[in-house]
There are 2 protein chains.
Amino acid sequence: MFSKACEYGIKAAIFIAINSKEGKLVSPKEISEEIDSPQAFTAKILQELVRHKIVSSVKGAYGGFEIDKIRIDSIKLSQIVKAIDGDKIYIGCGLGLETCNENHPCPVHDKFKTIRDELKYMLEHTSLQELALSIKAGNSFFKV
Amino acid sequence: MFSKACEYGIKAAIFIAINSKEGKLVSPKEISEEIDSPQAFTAKILQELVRHKIVSSVKGAYGGFEIDKIRIDSIKLSQIVKAIDGDKIYIGCGLGLETCNENHPCPVHDKFKTIRDELKYMLEHTSLQELALSIKAGNSFFKV
DNA sequence: TATAAATAGGATAAAATTATCCGAAATAAA
DNA sequence: TTTATTTCGGATAATTTTATCCTATTTATA
Ligand code: FES
Ligand code: FES
């Protein structure tokens, strides 16, 4: 469904959000240990999230990554997915046609579009805030 | 969402179904031209579909691929997806945890599972028959 | 100002997916 | 039985994704 990079990106963003709520910066090392991902690869993904202004970085000694507290509630999963995997997943054709087009649909268009739109809606209405809370409350987990 | 291989497999199966309804065998060449896919790669995928007994092959001169007419209505998309991409898409975790587990869920589990189950239901209830009919009726297309 | 710690980013490698090529095996028809 | 045609299957190549490594740059503190 999502690329590995995107999975790591989502988990990383949640972990950063949790720490930012407590005013704590986190490093790629801490992040990758917590979310069970390769460190250097995770660092690349963090750079991408910074470029897309989803997280911000503090360079130099005592630096790290954080997310503006005030924005944690307004950042939606859709932004992270779009930043890393692009929007193929919500607007692309299920059978790989160049574009998904109502007027020239592929055989699964009607059925696929329904699901895809629900996925899009879900991603657009799921905030980092609620995911961070579920982790903090011990109701969900980053790794086995 | 699906791999390229799976997209080609689905389209190929639909095209074979259409021709089998008319008692016609089709070759990888005809298939790949019709569904706009690389021929040799498509041939590999056809072999996989044969191994999974979704389509049957007639070897040698005047051979080709076909689907038992009587089974076209009972073959569901889920069988093709499972044969080529496995079942990760219906039972896998959205954030890549080893297994999706109610008792040890990832942060997106509840929201993701809903969508995933709907996708599963859709694939399990969409038959080759109905997709073949929509193509035949000119209501859908394999390529731009 | 010097030092140490941290992100940024380029180069490279490994693995998976996608794609091509070619010969072997099967088989219908001549 | 020979020939032509067609699937099967192994080997290989190209591309994309995933992952690692190393150096440059930034910056807080001593
Ligand atoms: S055209 Fe294929 S999903 Fe819309
Ligand atoms: S545990 Fe992640 S989707 Fe169920």
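Chain letters run A, B, ... following the sequence lines, proteins first, then strands; residues in each count from 1.
- In this structure, the CD atom of B/Glu30 is 15 Å from the P atom of D/dT5, given to the nearest Å.
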Trace of the side chain to side chain contact (heavy atoms under 4.5 Å, CB included) decision for A/Lys11 with B/Leu97: CA-CA 11 Å; A/Lys11 291 195 221 175; B/Leu97 298 195; 3.8 Å; yes
Given protein heavy atoms under 4.0 Å, the one-letter contact record of nucleotides 19-30 of chain D, with B base, S sugar-phosphate only and - none, is simply BB-----BBS--
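- Between A/Leu46 and A/Ala12, the shortest heavy-atom distance links the atoms CD2-CB, 4.1 Å.
- Following rounding to the nearest Å, B/Glu66 (CD) and D/dT6 (P) show an atom-to-atom distance of 15 Å.
- The environment of NZ in B/Lys88 is sparse: at most 12 heavy-atom neighbours from other residues, nucleotides or ligands sit within 6.0 Å.
- For B/Ile45 and D/dT7, the CD1 to C1' distance is 15 Å, given to the nearest whole Å.
- Rounded to whole Å, atom P of D/dG9 lies 14 Å from atom CG of B/Leu49.
- For residues 8-58 of chain B, the pairs satisfying ring pair (Phe, Tyr, Trp, His ring centres under 6.0 Å) are B/Tyr8-B/Phe41, with sequence neighbours left out.
- The nearest whole Å value for the distance from the CG atom in B/Leu46 to the P atom in C/dA19 is 14 Å.
- Contact check, B/Arg51 against D/dC8: no side-chain N or O comes under 4.0 Å of OP1 or OP2.
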Between B/Lys21 and B/Gln129, does a side chain to side chain contact (heavy atoms under 4.5 Å, CB included) hold up when you go through it step by step? CA-CA 10 Å; B/Lys21 280 159 160 301; B/Gln129 166 74 2; 2.9 Å; yes
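- In this structure, CD of B/Gln47 is placed 14 Å from C1' of C/dC21, rounded to the nearest angstrom.
- DNA chain C is contacted by A/Val26, A/Ser27, A/Pro28 of residues 10-28 of chain A, taking any non-hydrogen atom closer than 4.0 Å.
- One finds a side-chain N or O of A/Ser57 lying less than 4.0 angstrom from the OP1 or OP2 phosphate oxygen of C/dA8.
- The distance from atom CD1 of A/Ile80 to atom CD1 of A/Ile75, rounded to the nearest 0.5 Å, is 7.0 Å.
- As a whole-Å value, the separation of A/Phe2 CZ from D/dT18 C1' is 18 Å.
- B/Ile18 and B/Leu25 fall into different hydrophobic clusters, where Ile, Leu, Val, Met, Phe, Trp and Tyr are joined by side-chain heavy atoms under 4.5 Å apart, directly or via other members.
- Rounded to whole Å, the distance from CD on A/Glu7 to P on D/dT18 is 9 Å.
- Under the 3.5 Å distance criterion, the side-chain polar atoms of A/Glu30 are matched with a main-chain donor or acceptor of A/Ser27.
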Worked check of salt bridge (charged side-chain N to carboxylate O under 4.0 Å, His left out) between B/Glu48 and B/Lys44: CA-CA 7 Å; B/Glu48 198 62 34; B/Lys44 292 285 186 211; over 6 Å; no
